[in-house]
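Protein chains get the first letters and strands the later ones, always in sequence-line order, with residue 1 at the start of each.
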Amino acid sequence: MKNATTTFLNLTQNLRQTDIRTVANYYAAQLQLCCPQSPTSYSVAPKIHAHMIASGFRPRGHILNRLIDVYCKSSDLVYARKLFDRIPEPDIVARTTLIAAYSASGNPKLAVEIFSETPLCIRDSVCYNAMITGYSHNKDGHAAIELFRDMRRKNFQPDDFTFTSVLGALALIADHEEHCQQLHCAVVKSGTGFITSVVNAIISVYVKCASSPLVSSSSLMGAARKLFDEMPVRDELSWTTIITGYVRNNDLDAARHVLDGMNEKLVVAWNAMISGYVHNGFVPEALGMFRKMHLLGIKQDEFTYTSVLSACANAGLFLHGKQIHAYILRTEARLAHDFLLSVNNALITLYWKCGKVDEARKIFNETPVRDLVSWNAILSAYVNAGQIDEARSFFSEMPERNLLTWTVMISGFTHSGFGEEGLKLFNQMKLEGFKPCDYAFAGAITSCAVLAALEHGRQLHAQLVRFGFDSSLSAGNALITMYARCGVVEAAHCVFLTMPYVDSVSWNAMIAALGQHGHGAQAIELFEDMLKEDILPDRITFLTVLSACSHAGLVKEGRRYFDSMYDVYGIRPGEDHYARLIDLLCRAGKFAEAKDVIQTMPFEPGTVIWEALLAGCRIHGNMDLGIKAAERLFEQMPQHDGTYVLLSNMYAHVGRWDDMAKVRKLMRDRRVKKEPGCSWIEVENKVHVFLVDDAMHPEVQAVYNYLEQLRLEMRKLGYVPDTKFVLHDMESEHKEYVLSTHSEKLAVVFGLLKLPLGATVRVFKNLRICGDCHNAFKFMSKVVAREIVVRDGKRFHHFRDGECSCGNYW
DNA sequence: GTAGGGTTAG
């Protein structure tokens, strides 16, 4: 292109002496040099134009049309339109140029505007073709076909371009075999049926139709293959269409077979094959293809790179990914806009998925070009790393958002325990005109799980069915979790049984649902069913299975499953698995065995191990070992207020008053607030709750009444309590109440009970508000306190008269 | 002046 520019500049000097026709020819020649083979050449358009203005040359006719075209191709549609508007009576070529440009840039409205303003007497087939393609680009297959009919009614002759366009439109909407055959006949009648581009288009309709659930994929692919085999002339597109056809219909072997028989070094076809492997999880095959391309000298491009990088990201192959990154830097000198954009986006994903969030951030920060994909990728990075505040700030800074953005943010809130925020965002998303997808529903439903908001969850379930997502895997899994979390195991089971496809997440969720609600034996049974169906258990499966065994007291089975993790499935047990095993043993009173496990573990015991041991000791009233575990916890979690309170109470319980005094002194020094506080120890399947400083509510009977109402009310809300509690007081009788299991939340509830009726309560303890305590607070605000304000991070939850509203502190 | 294939964000 340098040459073109130089020639041009040389022309300037002699321009005035030159004949106007020669000048026009010169400009025409210059504009001719801007061509698709050298897309960057389009950027010369303004220079050529500036030159025309400077030399006093006024472009008209075909030179002006060409100039408009070149401006369109260099993506300056606004300026192209300005030039167009200055033409008193634009001819069909100028109009078609603009129609095509608007169509390609995703602006069909403007294209239609120009098309409909075009008088019928000057219209031609090319113009119709451009408009048909415009609709097709806009995914409006019906409009494209309607225009095709209009064209024929008005006696315009369809040509091969028309058929390729209209077949492209048909591919968007075709889901019946007849669709394909009807058009196929029309094409043959028109006499264009032998033209390669038209046959390619017919094949692509068959291919598209083959992936519709309404037809037999193999018979349509067979028809497509027959057309392909019988083609007299095949071009690059023919090969790509048939290969992508097989890939899209998940017949990777057939695709590979065609590819292997292809002589052309066709990068697009190879890319299609690689992406097929990547989407089906065949990472080694994808990487093998990548290597082979290099060996065969097939020039890789950004599509190749993004696919293999994504393969590495999904498989966690950080070193492979890094090697490819280095290879790209070594091989690619060009830093074209689109190339940089897509490769950098893939790199951001590679790095965060391999746990390198900071590296991902670095690429995001340093890249000179960003688009929505880049923003969504970095948003996912922070959401997945659990850095919800970072994610929130990215979300608010984003220049634009799409459905994916909202969905990622909703699930981010949900997984960080901010159910209310997740639901709010789901509603806001709908208000902003986004139609939720099944993933968005899954996020919202999981929010309900976090909040144990059964009614809301049910409503979302109904909406989900209305939207036609009832066979969605992710939404189904979310429903299982939600119903389980709200205590309605039957509903969870019903969802599980009616899901058309399930994966290990579904199985895990269902096993957990049964295990958490005291159906340990059934949970184990389901796990065995899962193994029978050849579904491979993962780390999560074993966590839920071990918990289930623990709840059901199936010590032997639990031990066996634990041992099978590595022996049979090659999964190394993590600290969390060991914690479950210790929990299992301790609940069964096998303390010696538990101690043995702790001593022979391949790593130093952390807090989860001591918590499990302590929990077991609390159940069995094993104060000696319990105190030891609490002391370890106390060392490892000096910031955790609950441990101080508990340890001090345990010392008091066994009469170690000096130790108790030491801990209490530490508590005072560190300003550990005892309010609201209680601690508990479980003996004989009953939880003994000790109120702070043994200060019992003056009206003990009233407290019991509240608890009883609370229990009933929570049942009404669909929450099924599962543990028995005994409220301790020196003077009164012990009485059992069934409440929630979470001691910290319970502590707050008990703390509230000590207040006079109608008080305003502010709890400034950082407390994550979720499911059971949310409901408890709602109820408490109705029967005990007039108003309750609870702080949860930066958020506050305001409970009043049984209702809750949330907001930000700052 | 008009057509048709491959990628990256959950």
Side-chain angles (χ1 to χ4, degrees), chain A residues 62 65-66 68-69 72-73 90-101 103-104 124-134 136-137 159-169 171 195-205 207 235-245 247-248 266-276 278-279 301-310 313 338-339 341-350 352-353 371-381 383-384 402-412 437-440 442-443 474:
Chain A
H62 72 279
N65 287 349
R66 178 71 188 143
I68 291 172
D69 186 34
C72 286
K73 301 265 164 54
D91 65 7
I92 191 65
V93 176
R95 289 170 188 274
T96 310
T97 305
L98 226 60
I99 291 169
S103 303
D124 62 7
S125 301
V126 180
C127 170
Y128 267 100
N129 294 347
M131 196 58 239
I132 290 172
T133 310
S136 194
H137 266 278
D159 57 10
D160 50 339
F161 277 86
T162 321
F163 278 109
T164 40
S165 305
V166 81
L167 283 162
I195 298 174
T196 305
S197 63
V198 178
V199 184
N200 288 343
I202 300 172
I203 294 176
S204 95
V205 177
V207 160
D235 64 4
E236 294 193 336
L237 225 86
S238 325
W239 288 97
T240 321
T241 309
I242 195 75
I243 290 170
T244 50
V247 167
R248 292 218 178 122
L266 191 55
V267 61
V268 183
W270 281 71
N271 288 345
M273 194 67 235
I274 291 180
S275 87
V278 175
H279 283 131
D301 63 9
E302 65 261 45
F303 294 88
T304 329
Y305 296 137
T306 43
S307 288
V308 287
L309 286 172
S310 142
D338 290 349
F339 177 85
L341 192 58
S342 53
V343 171
N344 274 338
N345 290 344
L347 283 170
I348 292 172
T349 308
L350 168 77
W352 80 251
K353 281 199 179 166
D371 65 355
L372 187 54
V373 177
S374 335
W375 281 94
N376 283 342
I378 198 74
L379 185 72
S380 310
V383 159
N384 271 278
N402 65 2
L403 185 58
L404 191 106
T405 320
W406 288 90
T407 310
V408 169
M409 199 60 217
I410 291 169
S411 71
C437 60
D438 58 335
Y439 282 101
S474 53

Which nucleotide in [options] has an atom nearest any side-chain atom of [X]:
X	options	answer
A/T133	B/dG5, B/dT2, B/dT8	B/dT2
A/Y439	B/dG10, B/dT8, B/dA9	B/dG10
A/L237	B/dG1, B/dT8, B/dG5	B/dG5
A/S197	B/dT2, B/dG5, B/dA3	B/dA3
A/K353	B/dA3, B/dG1, B/dG10	B/dG10
A/I92	B/dG1, B/dT7, B/dG5	B/dG1
A/S380	B/dT8, B/dG1, B/dG10	B/dG10
A/V126	B/dG1, B/dG4, B/dT7	B/dG1
A/S342	B/dA3, B/dT8, B/dA9	B/dT8
A/T240	B/dG5, B/dA3, B/dG10	B/dG5

*Does a nitrogen or oxygen in the side chain of A/T244 sit under 4.0 Å from OP1 or OP2 of B/dG5?*
no
*Is the shortest side-chain N/O distance from A/R95 to OP1 or OP2 of B/dG1 below 4.0 Å?*
no
What's [X] touching, base or sugar-phosphate or nothing? Going by heavy atoms closer than 4.0 Å.
X	value
A/T407	base
A/D235	base
A/T164	base
A/W406	nothing
A/L266	base

So, does the side chain of [X] form a donor-acceptor pair with the base of [N] at under 3.5 Å?
X	N	value
A/D124	B/dG1	yes
A/N376	B/dG10	no
A/N200	B/dA3	no
A/T96	B/dG1	yes

*Base of B/dT2 and ring of A/F161 stacked, centres under 5.5 Å, planes under 30°*: yes
*To the nearest 0.5 Å, tell me how far A/L347 CG sits from A/Y305 OH.*
11.5 Å
_Just verifying a value: how many Å separate A/T349 OG1 and A/I378 CD1, rounded to the nearest 0.5 Å?_
9.0 Å
*A/Y128 OH - B/dA3 P separation (whole Å)*: 17 Å
*By ring pair (Phe, Tyr, Trp, His ring centres under 6.0 Å), which residues pair with A/W239, not counting sequence neighbours?*
A/F228
*asked:* Minimum heavy-atom separation for A/R95 and A/P90, please, with both atom names.
replied: NE-O, 3.2 Å
_Donor-acceptor check, side chain of A/S307 to backbone of A/F303, threshold 3.5 angstrom: yes or no?_
yes
